[in-house]
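Since the structure comes first, as C-alpha coordinates, the remarks are kept for the end.
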There are 2 protein chains.
Amino acid sequence: MAERIDTRYLETLLGYNTRRATLVIVADFMAQMQPFDLSTVEFSVLSLIRHNPGITSRQICTALNILPPNLVGLLKRIEKRELITRAPHLTDGRAIGLSLTAAGSSLIQAAEKTAASSDAHFLSKLSTSEQEVLKKLLKKIYL
Amino acid sequence: MAERIDTRYLETLLGYNTRRATLVIVADFMAQMQPFDLSTVEFSVLSLIRHNPGITSRQICTALNILPPNLVGLLKRIEKRELITRAPHLTDGRAIGLSLTAAGSSLIQAAEKTAASSDAHFLSKLSTSEQEVLKKLLKKIYL
DNA sequence: TATTGTTATACTCTATAACTATA
DNA sequence: TATAGTTATAGAGTATAACAATA
(Lines give C-alpha, C1' and ligand atoms only; values in the text may rest on other atoms or scores of the structure.)
Protein backbone atom coordinates (compact mmCIF):
# COMPACT_ATOMS: atom_id res chain seq x y z
CA MET A 1 0.00 0.00 0.00
CA ALA A 2 3.04 2.26 -0.26
CA GLU A 3 3.09 2.48 -4.05
CA ARG A 4 3.98 5.82 -5.63
CA ILE A 5 0.95 7.69 -6.90
CA ASP A 6 1.43 9.55 -10.16
CA THR A 7 0.18 13.13 -9.82
CA ARG A 8 2.15 14.49 -12.76
CA TYR A 9 -0.89 15.28 -14.87
CA LEU A 10 -2.61 17.33 -12.18
CA GLU A 11 0.65 19.14 -11.53
CA THR A 12 0.56 20.49 -15.07
CA LEU A 13 -2.62 22.43 -14.25
CA LEU A 14 -2.16 25.98 -13.04
CA GLY A 15 -5.21 25.91 -10.75
CA TYR A 16 -3.98 22.72 -9.07
CA ASN A 17 -0.65 24.37 -8.30
CA THR A 18 -2.13 27.62 -6.96
CA ARG A 19 -4.64 25.65 -4.89
CA ARG A 20 -2.02 23.36 -3.31
CA ALA A 21 0.20 26.34 -2.56
CA THR A 22 -2.74 28.20 -0.99
CA LEU A 23 -3.58 25.19 1.20
CA VAL A 24 -0.13 24.91 2.78
CA ILE A 25 0.23 28.66 3.19
CA VAL A 26 -3.22 29.11 4.73
CA ALA A 27 -2.71 26.15 7.09
CA ASP A 28 0.43 27.77 8.48
CA PHE A 29 -1.24 31.18 8.54
CA MET A 30 -4.20 29.89 10.56
CA ALA A 31 -1.89 28.25 13.08
CA GLN A 32 0.07 31.50 13.47
CA MET A 33 -3.17 33.47 13.92
CA GLN A 34 -4.42 31.28 16.75
CA PRO A 35 -2.99 33.53 19.50
CA PHE A 36 -5.00 36.40 18.00
CA ASP A 37 -8.14 34.28 17.55
CA LEU A 38 -8.46 35.51 13.96
CA SER A 39 -9.59 33.61 10.87
CA THR A 40 -8.00 34.47 7.52
CA VAL A 41 -11.04 36.52 6.53
CA GLU A 42 -11.21 38.29 9.90
CA PHE A 43 -7.53 39.17 9.46
CA SER A 44 -8.18 40.54 5.97
CA VAL A 45 -11.20 42.56 7.11
CA LEU A 46 -9.38 44.12 10.08
CA SER A 47 -6.34 44.88 7.93
CA LEU A 48 -8.57 46.47 5.29
CA ILE A 49 -10.26 48.64 7.93
CA ARG A 50 -6.87 49.60 9.31
CA HIS A 51 -5.60 50.81 5.95
CA ASN A 52 -8.97 52.29 4.94
CA PRO A 53 -10.59 53.84 8.02
CA GLY A 54 -14.27 54.62 7.46
CA ILE A 55 -14.60 51.84 4.86
CA THR A 56 -18.12 50.48 4.41
CA SER A 57 -19.37 46.91 4.57
CA ARG A 58 -20.09 46.93 0.86
CA GLN A 59 -16.60 48.12 0.00
CA ILE A 60 -15.09 45.28 2.02
CA CYS A 61 -17.31 42.81 0.18
CA THR A 62 -16.14 44.11 -3.20
CA ALA A 63 -12.46 44.19 -2.25
CA LEU A 64 -12.42 40.69 -0.73
CA ASN A 65 -15.02 39.01 -2.96
CA ILE A 66 -17.33 38.30 -0.02
CA LEU A 67 -21.13 38.32 -0.29
CA PRO A 68 -22.82 40.90 1.97
CA PRO A 69 -24.88 38.43 4.04
CA ASN A 70 -21.73 36.53 4.90
CA LEU A 71 -20.03 39.62 6.28
CA VAL A 72 -22.79 40.48 8.75
CA GLY A 73 -21.96 37.83 11.34
CA LEU A 74 -18.23 38.44 11.03
CA LEU A 75 -18.63 42.18 11.72
CA LYS A 76 -20.96 41.41 14.63
CA ARG A 77 -18.34 39.17 16.22
CA ILE A 78 -15.40 41.57 15.89
CA GLU A 79 -17.60 44.42 17.09
CA LYS A 80 -18.61 42.36 20.13
CA ARG A 81 -14.88 41.81 20.79
CA GLU A 82 -14.58 45.61 20.69
CA LEU A 83 -12.08 45.53 17.83
CA ILE A 84 -14.12 47.83 15.58
CA THR A 85 -16.70 50.61 15.90
CA ARG A 86 -19.48 51.63 13.53
CA ALA A 87 -20.35 55.24 12.80
CA PRO A 88 -23.00 56.69 10.46
CA HIS A 89 -21.47 57.49 7.07
CA LEU A 90 -20.85 61.21 6.52
CA THR A 91 -22.65 61.57 3.21
CA ASP A 92 -24.66 58.36 2.72
CA GLY A 93 -27.37 57.66 5.30
CA ARG A 94 -27.65 54.02 4.25
CA ALA A 95 -24.02 53.21 4.82
CA ILE A 96 -22.00 52.68 8.00
CA GLY A 97 -18.34 53.58 8.28
CA LEU A 98 -16.07 51.09 10.05
CA SER A 99 -13.03 51.95 12.14
CA LEU A 100 -10.68 50.18 14.52
CA THR A 101 -10.75 50.67 18.27
CA ALA A 102 -7.44 51.09 20.06
CA ALA A 103 -7.59 47.38 20.93
CA GLY A 104 -8.40 46.47 17.33
CA SER A 105 -5.57 48.62 16.06
CA SER A 106 -2.91 47.04 18.25
CA LEU A 107 -4.29 43.55 17.59
CA ILE A 108 -4.15 43.86 13.80
CA GLN A 109 -0.73 45.50 13.90
CA ALA A 110 0.64 42.59 15.90
CA ALA A 111 -1.19 40.13 13.64
CA GLU A 112 0.29 41.77 10.53
CA LYS A 113 3.77 41.31 11.99
CA THR A 114 3.03 37.63 12.57
CA ALA A 115 1.55 37.30 9.07
CA ALA A 116 4.74 38.70 7.60
CA SER A 117 6.77 36.09 9.43
CA SER A 118 4.47 33.28 8.23
CA ASP A 119 4.89 34.62 4.71
CA ALA A 120 8.65 34.83 5.14
CA HIS A 121 8.74 31.14 6.05
CA PHE A 122 7.44 30.17 2.62
CA LEU A 123 9.22 32.92 0.72
CA SER A 124 12.49 31.65 2.19
CA LYS A 125 12.16 28.73 -0.19
CA LEU A 126 12.72 31.20 -3.02
CA SER A 127 15.46 33.64 -3.90
CA THR A 128 14.76 37.34 -3.48
CA SER A 129 14.15 37.83 -7.18
CA GLU A 130 11.98 34.70 -7.38
CA GLN A 131 9.80 36.06 -4.57
CA GLU A 132 8.99 39.19 -6.54
CA VAL A 133 8.50 37.27 -9.78
CA LEU A 134 6.04 34.88 -8.15
CA LYS A 135 3.84 37.66 -6.76
CA LYS A 136 4.05 39.60 -10.02
CA LEU A 137 2.98 36.58 -12.10
CA LEU A 138 0.11 35.74 -9.74
CA LYS A 139 -1.19 39.31 -10.02
CA LYS A 140 -1.08 38.97 -13.80
CA ILE A 141 -3.40 35.99 -13.46
CA TYR A 142 -6.09 37.47 -11.23
CA LEU A 143 -5.97 41.22 -11.91
CA MET B 1 -19.27 55.44 -2.32
CA ALA B 2 -16.88 54.98 -5.27
CA GLU B 3 -13.69 55.76 -3.37
CA ARG B 4 -10.60 53.69 -4.15
CA ILE B 5 -9.93 51.04 -1.54
CA ASP B 6 -6.28 50.46 -0.70
CA THR B 7 -5.47 46.75 -0.88
CA ARG B 8 -1.73 47.21 -1.28
CA TYR B 9 -0.84 45.68 2.08
CA LEU B 10 -2.81 42.48 1.48
CA GLU B 11 -1.27 42.23 -1.98
CA THR B 12 2.17 41.94 -0.39
CA LEU B 13 1.12 38.65 1.22
CA LEU B 14 1.90 35.50 -0.74
CA GLY B 15 -1.17 33.61 0.51
CA TYR B 16 -3.46 36.46 -0.52
CA ASN B 17 -2.05 36.34 -4.05
CA THR B 18 -2.26 32.56 -4.43
CA ARG B 19 -5.79 32.59 -3.01
CA ARG B 20 -7.05 35.31 -5.35
CA ALA B 21 -5.47 33.55 -8.32
CA THR B 22 -7.04 30.25 -7.29
CA LEU B 23 -10.48 31.88 -7.00
CA VAL B 24 -10.54 33.24 -10.57
CA ILE B 25 -9.04 30.07 -12.03
CA VAL B 26 -11.42 27.75 -10.19
CA ALA B 27 -14.45 29.89 -11.10
CA ASP B 28 -13.62 29.51 -14.79
CA PHE B 29 -12.78 25.83 -14.33
CA MET B 30 -16.13 25.09 -12.69
CA ALA B 31 -17.99 26.85 -15.49
CA GLN B 32 -16.08 24.80 -18.07
CA MET B 33 -16.81 21.56 -16.19
CA GLN B 34 -20.57 22.11 -16.12
CA PRO B 35 -21.20 20.08 -19.30
CA PHE B 36 -19.47 17.14 -17.59
CA ASP B 37 -21.27 17.70 -14.27
CA LEU B 38 -17.95 17.46 -12.42
CA SER B 39 -16.76 19.44 -9.42
CA THR B 40 -13.07 20.31 -9.14
CA VAL B 41 -12.52 17.49 -6.65
CA GLU B 42 -14.49 14.99 -8.74
CA PHE B 43 -12.32 15.96 -11.70
CA SER B 44 -9.15 15.44 -9.67
CA VAL B 45 -10.33 12.09 -8.32
CA LEU B 46 -11.31 10.73 -11.74
CA SER B 47 -8.07 12.00 -13.25
CA LEU B 48 -6.09 10.37 -10.46
CA ILE B 49 -7.89 7.05 -11.02
CA ARG B 50 -7.27 7.34 -14.75
CA HIS B 51 -3.53 7.75 -14.28
CA ASN B 52 -3.34 5.28 -11.37
CA PRO B 53 -5.75 2.41 -12.07
CA GLY B 54 -6.36 0.30 -8.96
CA ILE B 55 -5.63 3.25 -6.65
CA THR B 56 -7.25 3.00 -3.23
CA SER B 57 -9.46 5.47 -1.42
CA ARG B 58 -6.76 6.15 1.13
CA GLN B 59 -4.18 6.90 -1.54
CA ILE B 60 -6.50 9.43 -3.14
CA CYS B 61 -6.97 11.09 0.25
CA THR B 62 -3.23 11.39 0.76
CA ALA B 63 -2.54 12.67 -2.75
CA LEU B 64 -5.31 15.29 -2.74
CA ASN B 65 -5.29 16.17 0.95
CA ILE B 66 -8.87 15.00 1.47
CA LEU B 67 -10.13 13.43 4.70
CA PRO B 68 -11.42 9.87 4.25
CA PRO B 69 -15.00 10.54 5.43
CA ASN B 70 -15.33 13.29 2.85
CA LEU B 71 -14.39 11.01 0.00
CA VAL B 72 -17.04 8.39 0.73
CA GLY B 73 -20.00 10.33 -0.65
CA LEU B 74 -18.05 11.50 -3.68
CA LEU B 75 -17.06 7.93 -4.62
CA LYS B 76 -20.65 6.78 -4.07
CA ARG B 77 -21.92 9.40 -6.49
CA ILE B 78 -19.45 8.72 -9.31
CA GLU B 79 -19.98 4.98 -8.84
CA LYS B 80 -23.75 5.48 -9.13
CA ARG B 81 -23.08 7.40 -12.35
CA GLU B 82 -21.18 4.30 -13.48
CA LEU B 83 -17.95 6.23 -14.00
CA ILE B 84 -15.90 3.97 -11.70
CA THR B 85 -15.87 0.39 -10.47
CA ARG B 86 -14.58 -1.05 -7.21
CA ALA B 87 -12.70 -4.34 -6.98
CA PRO B 88 -11.20 -6.09 -3.95
CA HIS B 89 -7.53 -5.21 -3.58
CA LEU B 90 -5.16 -7.98 -4.72
CA THR B 91 -3.04 -8.19 -1.56
CA ASP B 92 -4.87 -6.18 1.13
CA GLY B 93 -8.32 -7.43 2.11
CA ARG B 94 -9.22 -4.15 3.79
CA ALA B 95 -8.62 -2.02 0.70
CA ILE B 96 -10.62 -1.55 -2.48
CA GLY B 97 -9.04 -0.80 -5.85
CA LEU B 98 -10.72 1.83 -8.00
CA SER B 99 -10.84 1.85 -11.79
CA LEU B 100 -12.66 3.75 -14.51
CA THR B 101 -15.48 2.28 -16.56
CA ALA B 102 -15.45 2.89 -20.30
CA ALA B 103 -17.87 5.77 -19.72
CA GLY B 104 -15.71 7.20 -16.95
CA SER B 105 -12.62 6.92 -19.11
CA SER B 106 -14.08 8.83 -22.04
CA LEU B 107 -15.64 11.41 -19.71
CA ILE B 108 -12.42 12.24 -17.90
CA GLN B 109 -10.43 12.30 -21.14
CA ALA B 110 -12.83 14.86 -22.59
CA ALA B 111 -12.81 16.78 -19.29
CA GLU B 112 -9.00 16.86 -19.25
CA LYS B 113 -9.04 18.38 -22.74
CA THR B 114 -11.44 21.07 -21.53
CA ALA B 115 -9.36 21.65 -18.40
CA ALA B 116 -6.32 22.25 -20.56
CA SER B 117 -8.18 24.90 -22.52
CA SER B 118 -9.36 26.62 -19.31
CA ASP B 119 -5.77 26.60 -18.10
CA ALA B 120 -4.58 27.99 -21.43
CA HIS B 121 -6.92 30.93 -21.05
CA PHE B 122 -5.12 32.11 -17.92
CA LEU B 123 -1.67 31.04 -19.06
CA SER B 124 -2.14 33.19 -22.16
CA LYS B 125 -1.67 36.19 -19.87
CA LEU B 126 1.95 35.06 -19.45
CA SER B 127 4.80 34.41 -21.83
CA THR B 128 5.84 30.82 -22.43
CA SER B 129 8.80 31.10 -20.10
CA GLU B 130 6.73 32.88 -17.43
CA GLN B 131 4.22 30.01 -17.51
CA GLU B 132 6.89 27.49 -16.64
CA VAL B 133 8.46 29.76 -14.01
CA LEU B 134 5.13 30.29 -12.26
CA LYS B 135 4.38 26.57 -11.96
CA LYS B 136 7.95 25.85 -10.88
CA LEU B 137 7.88 28.48 -8.15
CA LEU B 138 4.48 27.32 -6.87
CA LYS B 139 5.80 23.75 -6.59
CA LYS B 140 8.74 25.06 -4.59
CA ILE B 141 6.22 26.51 -2.13
CA TYR B 142 4.05 23.45 -1.54
CA LEU B 143 6.29 20.47 -2.24
C1' DT C 1 -35.70 52.55 -9.51
C1' DA C 2 -31.16 51.28 -7.35
C1' DT C 3 -28.22 50.52 -3.35
C1' DT C 4 -26.79 49.49 1.81
C1' DG C 5 -27.25 46.56 5.29
C1' DT C 6 -29.80 42.89 7.12
C1' DT C 7 -32.48 38.29 8.07
C1' DA C 8 -33.42 33.75 7.01
C1' DT C 9 -32.07 29.84 4.84
C1' DA C 10 -29.81 26.23 2.14
C1' DC C 11 -26.05 24.00 0.16
C1' DT C 12 -21.29 22.77 0.00
C1' DC C 13 -16.85 21.91 2.14
C1' DT C 14 -14.24 20.48 5.86
C1' DA C 15 -13.39 18.36 10.46
C1' DT C 16 -13.81 14.84 14.46
C1' DA C 17 -15.25 10.71 16.91
C1' DA C 18 -16.36 6.14 16.67
C1' DC C 19 -17.44 1.78 14.43
C1' DT C 20 -16.16 -2.85 11.35
C1' DA C 21 -13.14 -5.70 9.15
C1' DT C 22 -8.90 -6.83 8.05
C1' DA C 23 -3.57 -6.57 8.76
C1' DT D 1 -2.03 -2.57 17.83
C1' DA D 2 -2.55 -0.26 13.55
C1' DT D 3 -4.84 0.66 9.06
C1' DA D 4 -8.84 0.95 5.23
C1' DG D 5 -13.22 2.16 4.67
C1' DT D 6 -17.37 3.74 6.62
C1' DT D 7 -21.16 6.25 9.45
C1' DA D 8 -22.88 10.07 11.80
C1' DT D 9 -22.45 14.60 12.85
C1' DA D 10 -20.86 19.28 13.61
C1' DG D 11 -18.83 23.37 12.04
C1' DA D 12 -17.10 26.63 8.35
C1' DG D 13 -17.67 28.72 4.16
C1' DT D 14 -20.55 30.21 0.43
C1' DA D 15 -25.01 30.92 -2.09
C1' DT D 16 -29.87 33.06 -3.12
C1' DA D 17 -34.27 35.47 -2.03
C1' DA D 18 -36.45 39.01 0.25
C1' DC D 19 -37.02 42.96 3.34
C1' DA D 20 -36.48 48.06 5.48
C1' DA D 21 -34.21 52.34 5.08
C1' DT D 22 -32.10 55.55 2.19
C1' DA D 23 -30.39 57.39 -2.35
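Lettering of chains follows the sequences in order, A, B, ..., and the numbering in each one begins at 1. The figures that follow rest on heavy atoms only: side chains count, while hydrogens, waters and symmetry mates do not.
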Out of C:dG5, D:dT7, C:dT7, whichever nucleotide has its closest atom nearest the side chain of A:Val72: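 Among C:dG5, D:dT7, C:dT7, the one nearest the side chain of A:Val72 is C:dT7.
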Given C:dG5, D:dT6, C:dT6, the nucleotide with the shortest approach to the side chain of A:Ala95: C:dG5
Under 4.5 Å side-chain linkage, directly or through intermediates, the cluster mates of A:Leu23: none
Letter per nucleotide, 5' to 3', of nucleotides 16-23 of chain D [B base touched, S only sugar-phosphate touched, - untouched; heavy atoms, 4.0 Å]: BB---BBS
5' precedence on DNA chain C between A:Leu23 and A:Lys76 (nearest-nucleotide basis):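 The 5'-side residue here is A:Lys76.
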Can you measure [X] atom [atom1] to [N] atom [atom2] for me and round it to whole angstrom units?
{"X": "A:Ile60", "N": "C:dG5", "atom1": "CD1", "atom2": "C1'", "result": "12 Å"}
{"X": "A:Leu90", "N": "C:dT4", "atom1": "CG", "atom2": "C1'", "result": "16 Å"}
{"X": "A:Ile66", "N": "D:dT14", "atom1": "CD1", "atom2": "P", "result": "8 Å"}
{"X": "B:Leu71", "N": "D:dT6", "atom1": "CG", "atom2": "P", "result": "8 Å"}
{"X": "B:Leu74", "N": "D:dT6", "atom1": "CG", "atom2": "C1'", "result": "15 Å"}
{"X": "B:Arg86", "N": "D:dA4", "atom1": "CZ", "atom2": "C1'", "result": "12 Å"}
{"X": "B:Gln59", "N": "D:dA4", "atom1": "CD", "atom2": "C1'", "result": "11 Å"}
{"X": "A:Ile96", "N": "C:dT3", "atom1": "CD1", "atom2": "P", "result": "18 Å"}

Side chains of A:Thr85 and A:Glu79, donor plus acceptor under 3.5 Å: no
A:Asp37: side-chain hydrogen bond (donor to acceptor under 3.5 Å, both in side chains) partners, not counting sequence neighbours: none
Residues forming a side-chain hydrogen bond (donor to acceptor under 3.5 Å, both in side chains) with B:Ser105, sequence neighbours excluded: B:Gln109
Sugar-phosphate only, base, or nothing, as touched by A:Arg77 at under 4.0 Å among non-hydrogen atoms: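 Since no nucleic acid heavy atom lies under 4.0 Å of A:Arg77, the category is nothing.
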Separation between OG of A:Ser47 and CZ of A:Arg50, rounded to the nearest 0.5 Å: 7.0 Å
Qualifying residues under salt bridge (charged side-chain N to carboxylate O under 4.0 Å, His left out), relative to A:Glu82, sequence neighbours excluded: none
Side-chain donor or acceptor of A:Gln32 paired with backbone N/O of A:Thr114 under 3.5 Å: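 Not a single qualifying donor-acceptor pair exists.
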Ring centroid separation B:Phe36 to B:Phe43 under 6.0 Å: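 No.
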Verdict with reasoning, B:Glu11 to B:Arg20, per salt bridge (charged side-chain N to carboxylate O under 4.0 Å, His left out): CA-CA 10 Å; B:Glu11 285 172 20; B:Arg20 293 301 298 257; over 6 Å; no
Residues within residues 27-50 of chain A bordering DNA chain C, heavy-atom distance below 4.0 Å: none
